[in-house]
Amino acid sequence: MKPIQMVDLKSQYEKIKTEVDAGIQEVIDSTNFIKGGKVVDFQHNLEKYLNVKHVIPVGNGTDALQIALMALGFQPGDEIITPTFTFIATAEVVALLGLTPVVVDVDPDTFNISIDSVQKAITPRTKAIVPVHLFGQNADMEALIEIAREFDLKIIEDACQSIGSVYTFSDGRQVQSGCMGDIGCTSFFPSKNLGCYGDGGAIFTNDDFIAGKIRAVANHGMVVRYQPRPVYRGPSAGS
Ligand SMILES: Cc1ncc(COP(=O)(O)O)c(C=O)c1O
């Protein structure tokens with residue numbers, strides 16, 4: 001008897017081997033490995049598919065979450081609300097940056113973040129909510145967006161398990177997972193919904209300013225390659 005694999009990457013590869021091998025060979029022939037042509041093509045295809053203004057490819061889902069938090073400029077001691085039930089990376093990056101993870105319960109029917117628990121966890125130090133869309137199922141984004149507006153909080157969606165799923169708002173609007181908050185983060189870990197051959201991730205946003213910050217953080221603070229960032233020296237003398 002053949003055991004049934006939960007994620008059968010080998011059988012999947014065998015079905016698309018010719019295409020995958022040719023694609024990998026093309027990358028090697030081009031020697032354009034980092035932020036190269038194929039990655040840029042993928043970025044633009046994903047922007048179209050998700051109907052989002054900016055897709056910023058990064059190393060993996062954990063990097064995506066960390067870069068998103070850094071780009072929003074949170075300071076040590078700021079509280080970030082996130083669910084108890086997730087992969088450790090979601091809370092781990094919050095703690096790594098010296099921010100305070102405030103873990104709240106999930107809804108037993110969906111395993112997604114409980115709106116009631118979020119409301120109870122808000123303090124004057126709360127700066128953001130990081131909902132996790134688990135198993136391809138989106139959290140109650142309509143309620144979370146309302147809370148974020150009321151308390152002036154950012155929303156960073158952990159869409160590492162949900163790329164390609166769609167959320168329907170009560171007015172009928174349908175939006176791709178990861179594209180409803182200020183920033184969305186996904187993972188292309190091989191066994192994910194959209195897995196890659198190696199490690200990969202991406203950040204999504206519709207905000208041009210935030211996208212610029214994310215690109216800079218993801219690239220050693222550089223906006224232009226090897227150029228120092230312009231320093232603001234205040235209004236020029238005599239003016
Ligand atoms: C919900 C969730 N968040 C974050 C991550 C981290 O992604 P990665 O393994 O690409 O760093 C994962 C995947 O393992 C995940 O399932």
Side-chain angles (χ1 to χ4, degrees), residues 23-24 26-76 78 80 82 87-99 101 127-128 130 132 154-163 176-190 192 194-233:
I24 290 173
E26 229 182 287
V27 173
I28 295 170
D29 288 340
S30 76
T31 64
N32 198 358
F33 300 117
I34 310 293
K35 301 184 203 299
K38 286 276 178 200
V39 174
V40 175
D41 288 349
F42 173 71
Q43 169 192 325
H44 293 316
N45 286 336
L46 199 55
E47 281 165 351
K48 257 189 240 151
Y49 172 76
L50 296 173
N51 193 22
V52 70
K53 222 163 160 191
H54 304 277
V55 166
I56 299 128
V58 293
N60 53 45
T62 309
D63 286 358
L65 289 161
Q66 177 169 342
I67 291 166
L69 292 167
M70 289 171 76
L72 290 172
F74 299 128
Q75 297 300 312
D78 287 348
I80 312 294
T82 196
F87 180 62
I88 187 68
T90 322
E92 180 189 292
V93 291
V94 174
L96 271 174
L97 292 173
L99 312 173
K127 289 292 184 308
V130 185
V132 182
K154 298 286 186 206
I155 297 184
I156 300 127
E157 293 169 72
D158 182 335
C160 287
Q161 294 192 17
S162 64
I163 190 167
Q176 289 277 349
S177 189
C179 304
M180 295 171 271
D182 298 279
I183 301 181
C185 299
T186 205
S187 162
F188 304 121
F189 189 86
K192 289 281 193 281
L194 183 59
C196 69
Y197 287 87
D199 219 10
I203 307 178
F204 321 136
T205 185
N206 280 305
D207 185 308
D208 296 340
F209 180 75
I210 292 177
K213 289 266 189 190
I214 293 168
R215 287 202 176 91
V217 174
N219 199 24
H220 313 281
M222 291 186 289
V223 176
V224 180
R225 199 162 187 225
Y226 295 135
Q227 299 270 322
R229 293 174 76 185
V231 178
Y232 178 67
R233 296 184 195 284

Next on the checklist: Could you go through Glu47 and Gln43, starting from their C-alpha distance and side-chain angles, then the distance that decides it, and tell me whether this counts as side chain to side chain contact (heavy atoms under 4.5 Å, CB included)?
Outcome noted: CA-CA 6 Å; Glu47 281 165 351; Gln43 169 192 325; 3.6 Å; yes
How far apart are the closest heavy atoms of [X] and [Y], and which atoms are they?
X: Gln75; Y: Leu99; result: O-CD2, 3.2 Å
X: Ala202; Y: Val55; result: CB-CG1, 4.1 Å
X: Gln176; Y: Tyr49; result: NE2-O, 3.7 Å
X: Gln161; Y: Lys192; result: CG-CE, 4.2 Å
X: Leu69; Y: Ile156; result: CD2-CD1, 3.6 Å
X: Val40; Y: Lys35; result: CG2-O, 3.8 Å

Measuring from atom [atom1] of [X] to atom [atom2] of [Y], what distance do you get when rounded to the nearest 0.5 angstrom?
X: Leu72; Y: Leu97; atom1: CG; atom2: CG; value: 11.0 Å
X: Phe204; Y: Ile56; atom1: CZ; atom2: CD1; value: 10.0 Å
X: Phe209; Y: Ile214; atom1: CZ; atom2: CD1; value: 11.0 Å
X: Arg215; Y: Ile203; atom1: CZ; atom2: CD1; value: 10.0 Å
X: Glu92; Y: Thr90; atom1: CD; atom2: OG1; value: 9.0 Å
X: Ile183; Y: Glu157; atom1: CD1; atom2: CD; value: 10.5 Å

Checklist entry - Is it the case that more than 12 heavy atoms not belonging to Phe33 sit under 6.0 Å from its CZ atom? => result yes
Next on the checklist: Is it true that, when you exclude Asn51 itself, more than 12 heavy atoms of the residues, nucleotides or ligands shown sit nearer than 6.0 Å to its CG?
Outcome noted: no
Side-chain donor-acceptor distances from residues 57-66 under 3.5 Å, at least two apart:
| residue | atom | partner | partner atom | Å |
| --- | --- | --- | --- | --- |
| Asn60 | OD1 | Thr62 | N | 3.1 |
| Asn60 | OD1 | Asp63 | N | 2.7 |
| Asn60 | ND2 | Asp199 | OD2 | 3.1 |

Next on the checklist: If you take the centroid of each ring, where Trp contributes its six-membered ring, are Phe188 and Phe42 closer together than 6.0 Å?
Outcome noted: yes
Item to check | Side-chain (Thr205) to main-chain (Ala211) donor-acceptor, under 3.5 angstrom | outcome: no
Item to check | Close side-chain approach of Asp158 to Thr82, heavy-atom, < 4.5 Å | outcome: no
Checklist entry - When you look at Asp208 and Lys53, which way does the side chain to side chain contact (heavy atoms under 4.5 Å, CB included) test go after all the steps? => result CA-CA 8 Å; Asp208 296 340; Lys53 222 163 160 191; 3.0 Å; yes
